[in-house]
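Throughout, a chain's letter reflects where its sequence line sits, starting with A, and its residues are numbered from 1. It should be emphasised that the depicted structure is a prediction, and the values quoted were computed from it without experimental measurement.
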Amino acid sequence: MNRFFITTAIDYTNGAPHIGHAYEKVLADVLARFHRQTGEEVFLLTGVDQHGQKVQQSAEREGIAPQEYVDGVTAKFLALWEKLGVVYDDWAATTAPKHKECVRAILTRLWEDRDPATGASRWIYKAARAGHYSVRQEQFLTDKERGPNGEFGPEWGQVEYREEENYYFRLAEHRQWLLDLIDARSGEGKPFVVPEFRVSELRNAVEKLEGDLCISRPKNRLSWGIEFPFDPGFVTYVWFDALVNYLSFAPGYDPIPTRPPHEFLAWWRTVIHDIGKDILIPAHGVYWPVMLKALGFSDAEMPTLLVHGWWNISGAKMSKSLGNTVDPDVLADRYGRAALRYYLMADIATGRDADFSEERLIQRYNVDLANGLGNLVNRTLNMTLKYREGSPAPIDLPADLATHLTANTLAQETYVRSMRDGQVQAGLESLGDVVNRANALVDASAPWKLAKDPEQADRLDAVLATLILSARTAATMLLPVLPEAAAEILEQLNLVAAPLEERGLELLPAGYRCGEPKPVFPRLDAIVPPEA
RNA sequence: GCCAGUGUAGCUCAGUUGGUUAGAGCGAGGGACUCAUAAGCCCUAGGUCACAGGUUCGAUCCCUGUCACUGGCACCA
């Protein structure tokens, strides 16, 4: 059986989830559900990044332990995924003992991977760096931070000269390897980064790669992290902690053996990292492949990065400081899970940015779901019950209706291709084709007229069967995005989902009888004003 | 500053591996119908595909330059 391993970025537990977090997780959930539907074995991994300075500071401000603080924020994420119907196979929390042990084992392994000539680690070294340090911002400053007059501005507070030792991961010497990898993957038609227009962006960044990656923080600066296994004076700094979650929670992974076991590799060879464009460079596009290489992963075992865009608010970047964040929790309560999931999948092309608007959300729901698919199901079932007591006579379809179903099959094939590429919006457009064609057929064939003419009895049976089968195709294509609503439609149709690889015509089963219609997507009338 | 992305109908956006009449939805106008969630269907929009060059038999789609907007280059979907 084919496998499909998809991960999301793990969200930083220093604030409540916003629409961007929700989008990424719903996207992963939809792709996971789609791949399951095609018969593949699927593993969806998501979680939270709980360490770091900001968490430590926030906890101190509230006078509670960091773990207590992150547990509180983590609960909000867990509740949101529950509310949005995001179902995952494992939960990657970076404070979990399993993860900490894995990070430490990996660091130890790299530290002990010695160059026989020098006796030094081939991957990690300790070095002292000196420079200007902002106490307020708790970071070293570079010349880029200097103002026009060459001085550090007041936003940095007190700036002092400091010297600090840290551990570094060798990065720069793998520049050419990474460039070759990127080019090779593009040449094979399996780009390292999807969508492909981001490849050049990454490539340029790699071209300019210099310097190594600082992977530690002295404990006196940062204590809320994973302690270095071979130097208790340090904790692991962000990326060697966060990125490793993809391994520590991967099915079957064990950091100890030289080569990972077969079960893990069977999953890993299919892995797709669903991430935002902000963490492509340098984290996922540079650090991560080099880290994997250091751990002995071959070029064929490098992941694919599925990079999505951002939801902007009125064209502006969403940010807390602008106060224009959108709370997915509130939206889900206000409009329902289905409306929110559908909007997030239908109104953005994977990889691109889009503008978020509640008006658009309502519009897409009403036009596509209520007026389109929902009404199609409703009118089809009503007519079937009214004219045929729910059971159209089983007859062969005339050529025009057979052609109609063939067009549906083609739409479904297009849909499958789009979804395999992660292009959910394009997939939903194919769904819209099926719905529109069926609604047009209703008007063109006018069953209410056929019903009055006994000589047209066969025609009426054939039209109703075509409509029912079209509705089934549409519901089948909706399943990954809106599983409950699609299941409800199938129940009303009294049919099971169509197989996605199906070809050729399939008629209604013998003795078919449809169920009772009930609007699956009640119209949303207008923007519900926010609570005063 | 460096790098990247974007710039397509009133609005929000697709798309074109270069090739006869550039697409969708919404909005707007008109029409016929009644099975249906007053939903659906049909017809209508004529946008120099940012601007200027270049390559080509032919460019909106490739190249160069210009302008505008956005993002990355410091944590951050």
Review point. Do A:Y246 and A:I10 have side-chain heavy atoms sitting under 4.5 Å apart?
Key: no
Practice item. Specify the residues of residues 368-392 of chain A, ordered by number, for which at least one heavy atom lies under 4.0 angstrom from an atom of RNA chain B. Key: A:A370, A:N371, A:G374, A:N375, A:N378, A:R379, A:N382, A:M383, A:K386, A:Y387
Point to revise | Between B:C75 (P) and A:I281 (CD1): distance, integer Å | key: 12 Å
Point to revise | C1'-based separation of B:C61 from B:A50 [nearest Å] | key: 15 Å
Study note, to complete from the structure: As its Watson-Crick or G-U partner within any shown strand, both distances under 3.5 Å, B:U16 has none
Review point. Can you tell me how far C1' in B:C42 sits from the matching atom in B:U34, rounded to whole Å?
Key: 15 Å
Review point. Of the candidate nucleotides B:C33, B:C26, B:C13, which contains the atom at the shortest distance from the side chain of A:Q425?
Key: B:C13
Check your understanding: Is the charged tip of A:R217 near the ring of A:Y237: under 6.0 Å from the six-membered ring centre and within 45° of its axis?
Key -> yes
Review point. When you compare B:A9 with B:A24, how far apart are their C1' atoms, in angstrom units rounded to a whole number?
Key: 11 Å
**Study point:** Donor-acceptor contact below 3.5 Å, side chain A:R388 vs main chain A:D461
**Key:** no
Revision key, fill the gap. To the nearest angstrom, the CD1-P distance between A:I348 and B:A77 comes to 15 Å
Check your understanding: When the P atoms of B:U64 and B:A4 are considered, how many whole Å apart are they?
Key -> 10 Å
Exercise for review: Figure out the CH2/C1' separation between A:W310 and B:G72, and round it to whole Å.
Suggested key: 9 Å
**Study point:** Candidate nucleotides B:A14, B:A77, B:C41, ranked by approach to the side chain of A:A349 - the nearest
**Key:** B:A14
**Study point:** Length of the line joining A:I275:CD1 and B:G72:P, which is rounded to integer Å
**Key:** 14 Å
Point to revise | Separation of B:A77 C1' from A:M345 CE (nearest whole Å) | key: 12 Å
**Study point:** Donor-acceptor pair between A:D274 and A:T8 side chains, under 3.5 angstrom
**Key:** no
Exercise for review: Ignoring the backbone of A:F521, work out which of B:C75, B:U37, B:A77 is nearest its side chain.
Suggested key: B:U37
Check your understanding: Tell me: OH of A:Y12 to C1' of B:A74, nearest whole Å?
Key -> 14 Å
Review point. A:W239 CH2 to B:A74 P: how many Å, rounded?
Key: 13 Å
Practice item. Quote, to the nearest angstrom, the P distance that separates B:C62 from B:G15. Key: 13 Å
Check your understanding: What do the steps show when you test A:N408 against A:T473 for side-chain hydrogen bond (donor to acceptor under 3.5 Å, both in side chains), and what is the final call?
Key -> CA-CA 7 Å; A:N408 285 351; A:T473 299; 4.6 Å; no
Point to revise | Euclidean distance for C1', B:C51 against B:A59 (whole angstrom) | key: 15 Å
Review point. Under 3.5 Å, is there a donor-acceptor pair between the side chain of A:D241 and the main chain of A:T236?
Key: no
Revision key, fill the gap. Among B:G25, B:U37, B:G40, the one nearest any side-chain atom of A:R360 is B:G25
Check your understanding: Does a distance-only test, which skips hydrogens and angles, find a donor-acceptor pair under 3.5 Å between the side chain of A:D278 and the base of B:G72?
Key -> no
**Study point:** B:A9: pairing nucleotide in any strand, Watson-Crick or G-U under 3.5 angstrom
**Key:** none
**Study point:** Options B:A77, B:C41, B:A39, nucleotide nearest the side-chain atoms of A:A9
**Key:** B:A77
**Study point:** Complementary nucleotide for B:A45 - Watson-Crick or wobble, under 3.5 Å
**Key:** none
Exercise for review: Using the C1' atom on both, measure B:U16 against B:U20 and round to a whole Å.
Suggested key: 15 Å
**Study point:** A:F240/A:F169 aromatic ring centres below 6.0 Å
**Key:** yes
Check your understanding: When the nearest nucleotide of RNA chain B is assigned to A:E429 and to A:H21 on a heavy-atom basis, which residue is associated with the more 5' position?
Key -> A:E429
Point to revise | Between C1' of B:U12 and CG of A:D353, the distance in whole Å | key: 14 Å
Check your understanding: Any donor-acceptor pair under 3.5 Å linking the side chain of A:Q425 with the backbone of A:D347?
Key -> no
Practice item. I would like to know whether A:K277 and A:R198 meet side chain to side chain contact (heavy atoms under 4.5 Å, CB included); could you show each step before the answer? Key: CA-CA 9 Å; A:K277 63 179 184 177; A:R198 294 227 179 266; 3.3 Å; yes
**Study point:** Residue matched to B:A4 through Watson-Crick or wobble contacts both under 3.5 angstrom
**Key:** B:U70
Point to revise | Listed nucleotide nearest any side-chain atom of A:W448, set B:G71, B:U34, B:G25 | key: B:U34
Check your understanding: So which nucleotide does B:C62 pair with, by the Watson-Crick or G-U wobble rule with both distances under 3.5 Å?
Key -> B:G54
Review point. When rounded to the nearest Å, what value does the distance between C1' atoms of B:G46 and B:G10 take?
Key: 14 Å
